[in-house]
Visitor: 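After the structure tokens below, expect a handful of questions from me.
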Protein chains: 2
Amino acid sequence: MSISSRFSVGIHILALLELNKDGVNTSEFLASSVNTNPAVIRKIMGMLKKAELVEIHAGIAGAKLAKSLSIITLLDVYRAVDVVSENELFSVHENPNPDCSVGRNIQESIIPIFSNAQIALENTLSKVTIEDVVKDIVQKEQANSTK
Amino acid sequence: MSISSRFSVGIHILALLELNKDGVNTSEFLASSVNTNPAVIRKIMGMLKKAELVEIHAGIAGAKLAKSLSIITLLDVYRAVDVVSENELFSVHENPNPDCSVGRNIQESIIPIFSNAQIALENTLSKVTIEDVVKDIVQKEQANSTK
DNA sequence: GTTACCTGTAACCATAATAGTTACATTAAA
DNA sequence: TTTAATGTAACTATTATGGTTACAGGTAAC
């Protein structure tokens with residue numbers, strides 16, 4: 001199975017908040033860029049707000065980044081939108097048979113390995129910031145405009 | 001979401017085939033160790049067979065490892081049981097708005113990053129073999145028997 | 001204060017994957 | 001021929017996703 005697209009949508013939103021920082025970023029505007037329903041955006045925005053990545057207020061149109069681009073990593077977004085719980089990227093089968101040497105040890109053997117793999121993934125995400133993504137988008141735009 | 005427990009069950013099966021290599025490993029026997037239904041085991045065994053990790057034959061009771069423990073990595077198992085497709089660990093939202101600079105570039109910006117994270121995870125899995133898991137289980141057994 | 005507009009949230013739906021279950025055809029060995 | 005195992009298909013319950021509608025609550029402009 002795949003990790004929810006909430007993650008990629010979260011990145012999209014944050015990048016757009018930067019690139020449109022002088023505009024009014026309503027959920028409807030953001031939804032039109034992502035191409036989804038405004039309620040979906042508001043749900044994800046709620047998560048980003050809880051993680052203190054964005055500033056939004058009931059009744060007031062528009063959202064802003066709550067901190068500098070350069071210190072928001074993709075791992076922050078990944079955690080914010082709750083796509084994978086702590087140490088639960090891999091699921092381990094429950095209740096193996098304790099009367100079997102494999103059954104009674106497999107979980108303890110496997111869990112640290114799975115944890116390491118998950119950490120390797122998360123470390124990769126922690127090394128990329130929203131600033132990197134924004135710069136990449138700007139660069140791609142320039143490359144295309146001179147074609 | 002989590003990666004299917006087919007992966008951990010696959011590892012369990014392979015380790016057990018080694019530790020019980022002198023016995024007859026029917027799907028019923030394996031199922032009793034994993035604590036699930038024999039048909040579930042047979043389905044997973046079918047995938048392991050297709051990946052040439054185990055040898056089984058219709059009508060003949062028992063399964064054997066098809067290659068040496070030391071060269072079967074967890075990545076081999078992970079691919080065999082088809083828990084995550086190539087480059088699809090992360091899902092990316094479809095059809096972002098091409099009239100927005102973020103919308104028209106976000107996928108191209110994000111996909112290589114996601115791919116790197118997935119590769120980091122898979123590299124970790126490629127460094128652990130079934131032999132490592134078996135040794136760990138044996139060691140845990142010994143540690144417990146002397147308690 | 002009332003209107004207009006936005007956010008916050010709940011309720012609901014369709015879809016898809018998981019894990020399990022039953023059943024049975026197919027195959028091989030005793 | 002009988003027995004027993006594998007290989008599969010069909011079906012179920014459960015769960016997460018992503019979307020949709022609806023509306024309560026907050027804020028600002030008039």
Side-chain angles (χ1 to χ4, degrees), chain A residues 1-10 12-13 17 23-51 54-64 66 78 81-85 88-97, chain B residues 1-10 12-13 17 23-51 54-64 66 78 81-85 88-97:
Chain A
M1 238 264 166
S2 270
I3 290 172
S4 167
S5 68
R6 278 202 304 279
F7 183 28
S8 71
V9 172
H12 185 138
I13 290 171
L17 289 185
V24 180
N25 297 289
T26 63
S27 61
E28 190 174 358
F29 169 74
L30 297 170
S32 81
S33 173
V34 172
N35 192 22
T36 184
N37 192 292
V40 170
I41 296 293
R42 291 199 290 270
K43 205 180 294 180
I44 295 175
M45 292 295 283
M47 294 175 167
L48 296 175
K49 179 186 186 176
K50 202 170 166 188
V54 300
E55 280 175 15
I56 27 179
H57 304 278
I60 305 179
K64 299 275 177 200
Y78 169 91
V81 299
D82 199 32
V83 281
V84 174
S85 323
E88 288 188 8
L89 175 55
F90 296 93
S91 49
V92 178
H93 57 293
E94 307 280 314
N95 310 314
N97 189 341
Chain B
M1 240 258 172
S2 271
I3 289 170
S4 166
S5 68
R6 277 200 306 276
F7 183 28
S8 71
V9 172
H12 185 137
I13 291 171
L17 289 185
V24 180
N25 297 290
T26 63
S27 61
E28 191 175 355
F29 169 76
L30 296 170
S32 82
S33 173
V34 171
N35 193 23
T36 184
N37 191 291
V40 170
I41 296 294
R42 291 199 289 271
K43 204 180 296 180
I44 295 174
M45 292 294 282
M47 293 175 168
L48 296 175
K49 179 186 187 178
K50 202 170 167 188
V54 301
E55 279 175 17
I56 27 180
H57 304 279
I60 305 178
K64 300 275 179 202
Y78 168 91
V81 299
D82 198 32
V83 281
V84 173
S85 323
E88 288 188 8
L89 175 55
F90 296 92
S91 50
V92 177
H93 58 292
E94 306 280 314
N95 309 316
N97 189 341

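A, B, ... follow the sequence lines: proteins, then strands. Residue 1 opens every chain.
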Visitor: Whole angstroms only, please: what is the CZ-P distance between Phe29(A) and dT7(C)?
Guide: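 Result: 12 Å.
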Visitor: Whole-Å distance between dA13(D) C1' and Asn37(B) CG?
Guide: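 Distance, rounded to whole Å: 15 Å.
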Visitor: Let me know the distance between CG of Leu30(B) and P of dG20(C), rounded to the nearest Å.
Guide: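 My rounded result for the distance is 14 Å.
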Visitor: Rounded to the nearest Å, what distance is computed from the CD atom of residue Glu55(A) to the P atom of nucleotide dG8(C)?
Guide: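 After rounding, the gap between these two atoms is 12 Å.
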Visitor: Should the pair Phe7(B) and Phe90(A) be assigned to parallel (<30°), tilted (30 to 60°) or perpendicular (>60°) ring geometry?
Guide: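 Rings of Phe7(B) and Phe90(A): tilted, as their planes differ by 30° to 60°.
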Visitor: State which residues pass side chain to side chain contact (heavy atoms under 4.5 Å, CB included) with Thr26(A); sequence neighbours excluded, sorted by chain then number.
Guide: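 Side chain to side chain contact (heavy atoms under 4.5 Å, CB included) list for Thr26(A), sorted by chain: Val24(A), Glu28(A), Phe29(A), Ala61(A).
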Visitor: For dG18(D), does either OP1 or OP2 sit under 4.0 Å from a side-chain N or O belonging to Ser4(A)?
Guide: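 Yes, because at least one side-chain N or O of Ser4(A) sits under 4.0 Å from OP1 or OP2 of dG18(D).
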Visitor: Donor-acceptor pairs under 3.5 angstrom involving side-chain atoms of residues 35-47 of chain A: please list them, not counting sequence neighbours.
Guide:
{"unit_1": "Asn35(A)", "atom_1": "ND2", "unit_2": "Asn95(B)", "atom_2": "O", "d": "2.7"}
{"unit_1": "Asn37(A)", "atom_1": "OD1", "unit_2": "Ala39(A)", "atom_2": "N", "d": "2.9"}
{"unit_1": "Arg42(A)", "atom_1": "NH1", "unit_2": "Ser27(A)", "atom_2": "OG", "d": "3.0"}

Visitor: Nearest-Å distance, CD1 (Ile13(A)) to C1' (dG18(D))?
Guide: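 In whole Å, dG18(D) C1' and Ile13(A) CD1 are 14 Å from each other.
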Visitor: Among Ser5(A), Ser8(A), Ser4(A), which one satisfies side chain to side chain donor-acceptor pair (under 3.5 Å) with His93(B)?
Guide: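 Of Ser5(A), Ser8(A), Ser4(A), side chain to side chain donor-acceptor pair (under 3.5 Å) with His93(B) is met by Ser8(A) alone.
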Visitor: Whole Å only: how far is the NE2 atom of His93(B) from the C1' atom of dG19(D)?
Guide: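 It works out to 15 Å between those atoms.
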Visitor: Going by side chain to side chain contact (heavy atoms under 4.5 Å, CB included), name the residues that satisfy it together with Glu88(A), two or more places apart in sequence or in a different chain.
Guide: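 With sequence neighbours excluded, Glu88(A) shows a side chain to side chain contact (heavy atoms under 4.5 Å, CB included) to Ser85(A), Ser2(B), given in chain and number order.
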Visitor: Please list, for nucleotides 5-11 of chain D, all pairs of protein and nucleotide N/O atoms separated by less than 3.5 Å.
Guide:
{"unit_1": "dT6(D)", "atom_1": "OP1", "unit_2": "Ser27(B)", "atom_2": "N", "d": "3.2"}
{"unit_1": "dT6(D)", "atom_1": "OP2", "unit_2": "Ser27(B)", "atom_2": "N", "d": "3.3"}
{"unit_1": "dT6(D)", "atom_1": "OP2", "unit_2": "Ser27(B)", "atom_2": "OG", "d": "2.7"}
{"unit_1": "dT6(D)", "atom_1": "O4'", "unit_2": "Gly59(B)", "atom_2": "N", "d": "3.4"}
{"unit_1": "dG7(D)", "atom_1": "OP1", "unit_2": "Lys49(B)", "atom_2": "NZ", "d": "3.4"}
{"unit_1": "dG7(D)", "atom_1": "N7", "unit_2": "Arg42(B)", "atom_2": "NE", "d": "2.8"}
{"unit_1": "dG7(D)", "atom_1": "O6", "unit_2": "Arg42(B)", "atom_2": "NH2", "d": "3.0"}

Visitor: What is the distance, rounded to the nearest whole Å, between atom CZ of Phe7(A) and atom C1' of dA16(D)?
Guide: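 Result: 18 Å.
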Visitor: Just how far, in rounded Å, is P of dA19(C) from CG of Asn35(B)?
Guide: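 Atom CG in Asn35(B) sits about 14 Å away from atom P in dA19(C).
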Visitor: Are more than 12 heavy atoms, taken from residues, nucleotides or ligands other than Lys50(B), located less than 6.0 Å from that residue's NZ atom?
Guide: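 At most 12 heavy atoms, drawn from other residues, nucleotides or ligands, come within 6.0 Å of this atom.
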